[in-house]
Amino acid sequence: MVHIRRWAGIATALLATELLVAGTAAHAAPAAPDAAPPSVEQAVTAKLLGQARAAGEAHADASDTRVTVTRNSGRWAFGTAVTVTSHEEDIHPTGAIFIARAEAGGWRVGFDGEAEFSALAAESPLVGKQEREVLTRTPSTMYAGGDYRTGMALPFAVGQTWTLTSGPHGWGGYEAPYSSIDLAGGDQVVRAARAGTAYTMCTGWIRVIHDRGYSTDYYHLWSSISVNGAAVGQGAYLGYTGTDVTCGGAAYGRHVHFGLRQNSAYVPIAGHGLGKWVFENGAAAYQGGARHGSTWRGAGGAIYNYGALGFNQAVVDANGGGTLTRRSGPGAGYAALGSVADGATVTVSCSANGSSHTGRYGTTSLWNRLSDGSWVSDAYLWTGVNGPINGWC
């Protein structure tokens, strides 16, 4: 592994490059010697800090940017890059997994979630076959064009109840988007929310790259696994909740700081389904909470992990509790066939238009045929999609 904390060296190299292209032929100073091409560590650091500045991350400490080359061969390099922050509240480190290839005079660098990263992963001899299947997926449209399904459980064991110690907030604290939540309790074992490929960003910080453009971050871990592209299943052990702040930030009381990313950026966790809960923002960072059916849990509330919601499944939200009537056809005029409880999970076979109804999220005429042949109004289901989730009947 190769580590670097040499931003001053990068600045010198960039300054030399600027001097070579500045001035005019008539008034040029004596020619400076050719600047040495940047190292891969310098190229990765420059890109990471450029992105951090563009995102307004003023807290990033340029003097302590850590680039770790975990694999290299010939013109290729692979590893992680992290901008380490100070140990203050509401600040967290940022970072990326990178693939780089040496080209004339420099390096072509791609960060996880970027199209460039996928293209380089497809060519790089440093990427194994199984890992390549995950890393070469082309980044999807953000939220897949209005599709907020993740296929994720919560980051602890299915069947356990933990405390939502903090509602949606930024990865670094109060900044937007509110991509993150804090969780603690249960057996304190932090687990992968969905299957994917795992990487150690720094001590106490694991990133798992999933399908559909998503990845998840887990910070403050104790006894976390050390991984460099290992395949992990949903529910795989990642570490214990803790207060580790090796790469910056602060933690008071053991917990996991869990963040949601899509493509190459943190994205709002609100509206996404995790463990069959739908997260919602509050009036300010760290407020808000999550809803399962009609049940609401705010910050400080108990969250039960029901497991992942399938992509053809829905959670019944009767908009106030009670039950939802099942019908023999797509409309309130059809015969009643029984009911299904608020919070229940149902499987959708297909959809059709019928009578209009108003639920928690608005008015719709869409009806869903369930796997048992009965029909229910989409107004009383949370699917993560504003439309059919399994085609038309």
Side-chain angles (χ1 to χ4, degrees), residues 144 146-154 156-162 164 167 193-194 234-235 269-281 288-298 301-393:
D147 185 346
Y148 284 76
R149 295 173 294 178
T150 66
M152 296 181 192
L154 286 162
F156 53 89
V158 173
Q160 285 194 8
T161 298
W162 284 30
L164 179 68
R194 183 166 173 79
Q234 188 170 72
I269 200 168
H272 288 92
L274 300 167
K276 301 184 182 179
W277 293 83
V278 185
F279 284 84
E280 299 179 17
N281 291 338
R291 188 180 303 280
H292 173 77
S294 295
T295 300
W296 170 259
R297 294 286 186 270
I303 300 287
Y304 179 86
N305 190 1
Y306 293 94
L309 185 69
F311 291 107
N312 65 340
Q313 292 184 321
V315 176
V316 175
D317 182 348
N319 198 11
T323 60
L324 175 62
T325 301
R326 297 184 296 111
R327 302 282 179 177
S328 60
Y334 288 86
L337 299 179
S339 62
V340 59
D342 182 82
T345 300
V346 295
T347 300
V348 176
S349 298
C350 56
S351 301
N353 286 317
S355 57
S356 181
H357 294 271
T358 300
R360 189 181 307 281
Y361 303 105
T363 301
T364 181
S365 60
L366 189 70
W367 282 68
N368 297 309
R369 185 182 182 187
L370 306 184
S371 56
D372 64 2
S374 64
W375 293 79
V376 294
S377 170
D378 192 67
Y380 305 107
L381 298 181
W382 188 89
T383 64
V385 178
N386 187 20
I389 63 169
N390 204 16
W392 295 96
C393 296

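Quantities reported herein were computed from a predicted structural model and do not represent experimental measurements.
Distance check, rounded to the nearest 0.5 Å: CG of Leu381 to CD1 of Ile389 gives 8.0 Å. Atoms CZ and CG, from Arg369 and Asn390 in turn, are 11.5 Å apart once rounded to the nearest 0.5 Å. Between the CG atom of Asp147 and the OG1 atom of Thr383 there is a distance of 8.0 Å, given to the nearest 0.5 Å. Interatomic distance, CH2 of Trp392 versus CG of Asn353, reported as 4.5 Å (0.5 Å rounding).
Glu280 is listed as a side-chain neighbour of Trp296, based on a closest heavy-atom distance under 4.5 Å. Val278 places none of its side-chain heavy atoms less than 4.5 Å from the side chain of Val315. Counting heavy atoms from C-beta on, the side chains of Asp317 and Tyr361 come closer than 4.5 Å. In this structure the side chain of Met152 never reaches within 4.5 angstrom of the side chain of His272, judged on heavy atoms. Two residues are said to be in side-chain contact when any heavy atoms from C-beta on lie closer than 4.5 Å; Asn305 and Trp162 fail this criterion. For the pair Asp342/Thr323, no side-chain contact is recorded, criterion being any heavy-atom separation below 4.5 Å from C-beta on. Contact of the Trp277 side chain with the Arg297 side chain is registered, since non-hydrogen atoms from C-beta on lie closer than 4.5 Å. Residues Thr150 and Arg194 have side chains not in contact (no heavy-atom distance under 4.5 Å, counting atoms from C-beta outward).
No more than 12 heavy atoms of other residues, nucleotides or ligands lie within 6.0 Å of CG in Asn386, so this atom counts as exposed by the packing criterion.
No side-chain donor-acceptor contact under 3.5 Å links Ser356 and Ser365. No side-chain donor from either of Thr364 and Asp378 sits under 3.5 Å from a side-chain acceptor of the other.
Ring pair Trp367/His357: centre-to-centre distance below 6.0 Å.
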